[in-house]
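Hydrogens, waters and symmetry mates play no part in the numbers below; they use all other heavy atoms, side chains included. When a residue number appears, it is its place in the shown sequence, counting from 1. For ligands, and for the atoms within them, numbers begin at 1 and follow the listed sequence.
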Amino acid sequence: MNILVINSGSSSIKYQLFKMPSTQPVCSGLVERIGIEGSFIKHSVFPAGEKLSIEKDAFISGHGEGLKQVLALLSEGLHAVIASPGDIAAVGHRVVHGGEHFSGATLITDQVKKQIKKLFSLAPLHNPVNYKCIEVAEQTFPSAKQIAVFDTAFHQTIPEAAYRYAIPEQYYSEHGIRVYGFHGTSHKYVSEQAINWLGKPHSKIISIHLGNGCSITAIKDGKSIDTSMGFGPLNGLMMGTRSGDIDPSVIFHLMEHSGYTLEQLSTLLNKQSGLLGVGGSSDMRDINKLAGEGKDKAKLALKLYAYRIKKFIGAYAASLNGIDTIIFTAGVGENDVEMRAAVCDELDYLGIKIDKDKNKSYQGELLDIGMDDASVRILVVPTNEEYEIANQCFKLLN
Ligand SMILES: Nc1ncnc2c1ncn2[C@@H]1O[C@H](COP(=O)(O)OP(=O)(O)O)[C@@H](O)[C@H]1O
Ligand SMILES: CC(=O)OP(=O)(O)O
Ligand SMILES: [Mg+2]
């Protein structure tokens, strides 16, 4: 059964096609820098263990256009992987915000689409582009089942004491204001990989997803019990362009004394803050380069970024009453040796001690980078949201 998975983020689309139940993709790729200069598509096909890659540089103005180009590549030229649209049985979509309604993979109906649309303002960088990609996939593959897998689903196990805000009850019951949590598909996937590797179902895991968006989750016996993103994917850790935690008084202050509108504030906190706002670029590779050239702003951005993560590790050690495993995952978590070292520095009180040599030797497969004598395992686990989505779709259809 061919299942195509579309993982659309704020400025990128990642995709993989699986012939389920095989865990190896038939093709995969990504569209990056959508809507900004330097956009490109990288598409790879894997015939009989080989890898053939095609790169296309062309300005891609939006997610709809990017996805149309990707879908054309699937049936084009020598490396075509499908003969006709009818070859795709299902399209699995990552949808970031599902509110309180969805706890598993969900067949997309008009009702589900309405719900995704209702949540646009709560995940402004994500739900609108997720919706666009659903529309394009429906047009391109009219006979395929369209299925949504929500980032919020894995966090439905968070207990009330962690998901409620300390505001009057009616804001929860009438307005749905609570912690939802995001990156659930990634936290679920990497924690399951870790639990399999550890060989024990009873575990106290802190999973740290550091991509463009960043979040950290406390996972007890395989279930999410708290997470740093909240009502929307803006809270918690410092991110590429998002501020993470900020005292709401700042918002009142800027509105009252500087005449900021809601839209300006949303732009400020969602699109102009984080690594970009403090250090001058939203991309961690650029920040590392700038810091290496001695730029103070970039150095400060790195300090803030690491400090915020450490603080959450301390908080979740308390929530979990101990830690036995820490997981680093996603673009920064998997690739940035220095950042992993900075996060783990001076946490030996909690049993967290990184092995410097092992930390440098990660090669893309699950690796324990903790010191042998430390009580906490530190794992780098490559995330695979696309495979997790394909697998959930496959289970739904069977
Ligand atoms: N070698 C690397 N060193 C440091 N950061 C990296 C490296 N490779 C990728 N990244 C960072 O990973 C981030 C993107 O992560 P990713 O998980 O792909 O994000 P998303 O899925 O949210 O688009 C970017 O900040 C990028 O700079
Ligand atoms: C929820 C979220 O922040 O997703 P991403 O990291 O893909 O932007
Ligand atoms: Mg991502």
| task | Test the R178-Y163 pair against the cation-pi criterion, namely NZ or CZ under 6.0 angstrom from the six-membered ring centroid and within 45° of the ring axis. | result | yes

| Parallel, tilted or perpendicular: which fits the ring planes of H209 and H183, with parallel below 30° and perpendicular above 60°? | parallel

| message | According to salt bridge (Lys or Arg N to Asp or Glu O under 4.0 Å), does anything in residues 85-98 pair up with another residue at least two apart or in another chain? List the pairs. | response | R94-D151, R94-E385

| note | Looking only at protein heavy atoms, what sits closest to atom 11 (C) of ligand 1 is V332 CG2, 3.7 Å

| request: Inspect the contact between E334 and R340 and indicate whether a charged nitrogen and a carboxylate oxygen are less than 4.0 angstrom apart. | output: no

| said: Suppose we measure from atom 4 (C) of ligand 1 to each protein heavy atom; which comes out shortest, and what is that distance? | reply: D336 OD2, 3.6 Å

| query | Under a 4.0 Å heavy-atom cut-off, which residues neighbour ligand 2? | reply | R94, V96, H126, D151, F182, H183, G213, M229, P233, R242

| request: Quick one: look up the protein heavy atom nearest atom 2 (C) of ligand 1 and list residue, atom name and how far away it is. | output: N335 CB, 3.3 Å

| said: Considering only residues two or more places apart or on different chains, which pairs with a residue in residues 222-249 satisfy salt bridge (Lys or Arg N to Asp or Glu O under 4.0 Å)? | reply: none

| request: For K289, check salt bridge (charged side-chain N to carboxylate O under 4.0 Å, His left out) against everything at least two apart and list the hits. | output: E293

| said: Starting from atom 19 (O) of ligand 1, what is the nearest protein heavy atom, named by residue and atom, and what distance separates them? | reply: N212 N, 3.1 Å

| task | Considering only non-hydrogen protein atoms, determine which one is nearest to atom 16 (P) of ligand 1 and report residue, atom name and distance to 0.1 Å. | result | K14 NZ, 3.6 Å

| field | Closest approach of any protein heavy atom to atom 23 (O) of ligand 1, naming residue and atom | value | S12 OG, 3.7 Å

| Nearest non-hydrogen protein atom, atom 25 (O) of ligand 1 | M284 N, 3.1 Å

